[in-house]
Amino acid sequence: MATKLFFLLILLSHVASSLSEGCHPQDKKALLQIKKELNNPTLLSSWNPHTNCCDVSSWYGVICAPSSNRVYSLLFEANDELSSTFPPSIGNLPTLEHILIYKLPKLIGSIPQSITKLTNLKSLTISETGISGAIPNYIAKLKSLTFLDLSNNHLSGKLPPNLFNLANFEAMYLQNNKLTGSIPSSLAKLNSSVVDLSHNRFEGDASVFFGFAKKTETIDLSWNMLAFDMGRLQFPKTLKRLDVSHNRVYGKLPEDVTNLEWLDVSYNRLCGEIPKGGIVQAMGKKSYLHNMCLCGSPLPSCKKYM
Ligand SMILES: *[C@@H]1O[C@H](CO)[C@@H](O)[C@H](O)[C@H]1NC(C)=O
């Protein structure tokens with residue numbers, strides 16, 4: 001009993017000392033610099049230099065790893081007062097693994113190069129902000145990155161071809177930007193669960209996202225200007241949801257569509273008979289309307305084209 005108590009006391013003193021140690025001075029310095037770069041927004045009024053940045057619920061949006069007391073996650077969301085360019089000092093939080101910046105419409109400027117210092121970064125979400133400019137090719141230096149969500153911003157320009165040197169990529173959300181150009185063929189290496197490039201201005205071939213051996217489950221390429229032969233695609237065997245609507249996709253629908261759980265190919269230049277089976281007919285006409293000469297259930301029969 002006495003020894004148990006002894007161990008408990010040791011354990012408690014450890015917990016207490018790690019709490020009083022608090023925030024790593026280097027992290028606190030970087031966080032206060034970020035606050036300054038963001039023009040001291042009211043969102044960060046809890047970032048008080050005299051308190052412990054690692055205390056749960058003391059500093060807004062800061063989460064530390066309990067074992068090391070180092071900052072591993074930053075989470076800013078839903079604030080339309082914060083008005084600033086992207087804070088470069090974010091690169092001075094070397095243990096950061098997750099950045100989630102969501103719904104800050106007055107956060108503007110481009111993604112700073114200092115972000116490449118975050119070699120432990122696993123997920124990067126900057127969504128529904130005012131950030132603009134190109135997706136920088138230096139994002140590919142973030143070797144630990146598995147989740148990238150840059151959706152709903154004002155990003156423009158082409159996709160950097162080296163972007164998907166990132167071996168462990170799990171999901172890529174780039175929808176609702178102003179991205180242009182063709183899809184780099186190097187992206188054939190990408191093997192992520194989700195690819196969403198919808199509502200951009202991409203052109204040309206996007207067949208690199210397909211291929212039997214990939215583990216992709218969702219592909220959304222809708223609302224672009226993509227043009228490729230759908231009949232030649234080999235779907236990933238894991239593919240469940242496919243949206244290529246509102247493009248210039250041509251050819252016929254491959255038999256593989258019968259393995260999907262959801263499909264929209266409307267507003268394209270497809271032709272030929274719609275394969276039968278799976279959810280294909282149950283999706284209803286709206287998934288197939290406005291093509292060149294697509295026919296058969298659920299559209300009218302192919303007789304008129306024979
Ligand atoms: C994609 O990843 C899955 C799961 O890790 C793996 O089995 C498959 O071989 C990979 N495919 C390609 C084309 O790299």
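What's counted below: heavy atoms across the whole structure, side chains too, no hydrogens, waters or symmetry copies. In this chain, residues are counted from 1 in sequence order. Ligands are counted one by one from 1 in listed order, and the atoms in each one are counted from 1 as well.
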For Lys122, the salt bridge (Lys or Arg N to Asp or Glu O under 4.0 Å) test, sequence neighbours excluded, returns Glu97
Results of salt bridge (Lys or Arg N to Asp or Glu O under 4.0 Å) for Lys215 - residues two or more places apart only | Glu170
Just by modelled atom types, is the Cys54 backbone N or O under 3.5 Å from a matching donor or acceptor in the Asn52 side chain?
-> yes
Top protein contact for [atom], by heavy-atom distance:
atom: atom 8 (C) of ligand 1; answer: Ala213 O, 3.4 Å
atom: atom 1 (C) of ligand 1; answer: Asn191 ND2, 1.4 Å
atom: atom 4 (C) of ligand 1; answer: Lys215 CD, 3.8 Å

Just checking, is any N or O donor in the side chain of Ser266 or Ser287 under 3.5 Å from an acceptor N or O on the other one?
-> no
